Amino acid sequence: MKIWAGRSAGELDRAAEDFNSSIRFDSRMYKEDITGSVAHAEMLAHQGIITREDGEKIKKGLLQILEDIESGSLEIDSEAEDIHSFVEAELTKRIGEPGKRLHTARSRNDQVALDTRLYLKGQAAQTVELLKKLSEVICKKAGQYPDTVMPGYTHMQRAQPVTLGHHIMAYAMMLLRDIGRLNDGAKRMDMSPIGCCALAGTTYNIDREYEAELLGFGGVCQNSMDGVSDRDFCVELCSALALVMTHISRFSEEIILWSSWEFKFIELSDAYSTGSSIMPQKKNPDMAELARGKTGRVYGDLIMLLTMLKGLPLAYNKDMQEDKEAVFDAFDTVKAVLNVFIPMVDTMSVNEKSMRDAAAKGFINATDLADYLVSKGMPFRTAYKTVGEIVADCTEKNITLEEMTLDEYVAHSELFDSGLYEAINIEECVARRTSLGGPGKGSVEKQIAYVMEELK
Ligand code: ARG
């Protein structure tokens, strides 16, 4: 029989019962549900709403239930309507009358809002830890290759020389912002909804602030209808997770490209790549592809949450039960991805020679050649045109800028002298880019130091 049996018999049609039940996905909040109830009993006793004795019996009973669930001696009933009714029913089964007093000045509406906030606080913290770990791994890799020259691309065309350290530190910067967004979301979520009750507060002399403090919240929701209806925090965290996945997916795409035969910039460790069932030569970047593929799931979770909320009148509506599967899936997915992505990046090996070879072709020092002419007094726009003609000349002769003779250069402009070769030396091109945030070794080291400091 349902806890709400009374007006109705509390017996549902079987299909309706399964359809209505949320135990399948909310049972994972058992600890938060019990923690919330312990604090509620304490507050009720503190305020004299229930006796100290009943309060103690309730707390003891709840903690025993928690212990039994964790030890495996109590199985959560998969037939229960939700985790809240399961815990309450189990408590009453164990301690009788006092158990029936726990739900005074409380509704499942504020209870579920509380449990979800407590649960997601833990999820956000775990995810932030993983993001920090990934940032550290990236910093470590960048520190190993601060002057490993590679082509930087725009439009997937070789553009200007950068370093591997510089390239991957871009991802560390994105991750710093991701960490900031998750922490911001968690901070805004840090308001206790308990005591909002069904929607309109209560006539009992409760102390919401005391209960919030017991639960470690920074404050309490100031409007009871908002407190039970707000799922902004799910949307906000899910949106931060969607961006995490965007970044992981872009990085994955590069790892997939870089490990192809065409690039050969990196090689994934055997532990993080797979073979083909038919083609013996294959080493496939499945982990990176799955990370890229799972991005769509998290976007889907975000859209699901936004859409679920957009038409809901205040206050609680059962639609809101759908929040949990979406936001839980988003956290589960991101954590699963990071748990594989972090060691995959950590163990990938780098082929510096392939990167350097790729940087030698494709005229990525053409801008530097134009800058050289500018240093000799030519206006940039004229230098740009002259170098464009030189590149066309080289392409026709099938040679690189380095291979062109001084005589051939002078035929394009009198301003050239033998100093041009140093100007277009790729290592020099990188080293001279000393502007803040640039690809040179010193700059990459500063970026690493910046990120490591921010991570503290
Ligand atoms: N399982 C419900 C949920 O997740 C708990 C709240 C139920 N409230 C209610 N009035 N039926 O939203």
Side-chain angles (χ1 to χ4, degrees), residues 1-37 39-40 62 69 76-92 102-123 189 191-202 215 221 223-235 237-238 301 304-332:
M1 206 172 39
K2 294 284 170 290
I3 52 170
W4 39 265
R7 174 186 164 169
S8 81
E11 291 299 338
L12 276 180
D13 166 77
R14 182 75 225 184
E17 172 132 22
D18 287 346
F19 187 62
N20 191 49
S21 165
S22 54
I23 193 78
R24 197 165 34 82
F25 46 84
D26 66 18
S27 60
R28 64 161 84 188
M29 304 193 300
Y30 70 86
K31 192 168 181 179
E32 290 73 17
D33 193 76
I34 292 173
T35 307
S37 287
H40 193 63
L62 286 168
I69 293 176
I76 297 175
D77 179 8
S78 61
E79 305 275 300
E81 184 176 342
D82 52 34
I83 189 63
H84 328 295
S85 37
F86 170 75
V87 172
E88 190 186 322
E90 181 64 27
L91 179 70
T92 303
L102 170 62
H103 211 56
T104 313
R106 187 173 77 167
S107 154
R108 276 185 297 166
N109 297 351
D110 55 347
Q111 194 179 356
V112 73
L114 172 72
D115 293 4
T116 310
R117 284 171 193 247
L118 288 174
Y119 180 79
L120 293 183
K121 184 178 177 180
Q123 293 299 302
M189 176 174 71
M191 301 273 236
S192 168
I194 199 72
C196 292
C197 301
L199 75 162
T202 181
L215 291 165
C221 302
N223 176 296
S224 66
M225 293 185 79
D226 178 50
V228 290
S229 303
D230 168 29
R231 295 294 183 273
D232 299 10
F233 57 92
C234 296
V235 174
L237 291 173
C238 199
D301 292 328
M304 190 263 129
L305 287 167
L306 287 166
T307 314
M308 179 270 285
L309 285 171
K310 73 181 265 298
L312 294 187
L314 300 183
Y316 179 84
N317 300 270
K318 191 70 172 232
D319 314 45
M320 290 157 81
Q321 177 163 291
E322 292 283 317
D323 60 355
K324 284 172 282 302
E325 276 178 293
V327 71
F328 293 171
D329 179 70
F331 273 109
D332 291 350

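All heavy atoms count here, side chains included; hydrogens, waters and symmetry mates do not. Quick caveat, the model's predicted, so the values are computed rather than measured. Start at 1 and go down the list; that is how both ligands and their atoms are numbered.
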What atoms in ligand 1 come closer than 4.0 Å to a heavy atom of [X]?
X    : value
D82  : 1 (N), 5 (C)
V112 : 3 (C), 4 (O), 5 (C), 6 (C)
Q321 : 1 (N), 2 (C), 3 (C), 4 (O), 12 (O)
S22  : 1 (N)

* Ion pair present between R24 and E325, side-chain N to carboxylate O less than 4.0 angstrom? -> yes
* To do: Look at R14 together with E79 and state whether they make a salt bridge at an N to O cut-off of under 4.0 Å.
  => yes
* Which of these, L305, L309, V235, sits in a side-chain contact (heavy atoms from CB on, under 4.5 Å) with D323? -> L305
Identify the protein heavy atom lying closest to [atom], giving its residue, its atom name and the separation to 0.1 Å.
atom                    : value
atom 11 (N) of ligand 1 : R108 NH2, 3.9 Å
atom 12 (O) of ligand 1 : Y316 OH, 2.4 Å
atom 8 (N) of ligand 1  : N109 OD1, 3.0 Å

* To do: Please report the closest heavy-atom contact between F25 and Q321, naming both atoms and the distance.
  => CE1-O, 3.7 Å
* **Inter- and intrachain pairs under side-chain hydrogen bond (donor to acceptor under 3.5 Å, both in side chains), touching residues 304-317, at least two apart** => none
* Determine which pairs satisfy salt bridge (charged side-chain N to carboxylate O under 4.0 Å, His left out) with at least one residue from residues 102-118, sequence neighbours left out, and list them in order. => E81-R108, D82-R108, R117-D230
* Strictly under 4.0 Å, does any heavy atom of K324 approach an atom of ligand 1? -> yes
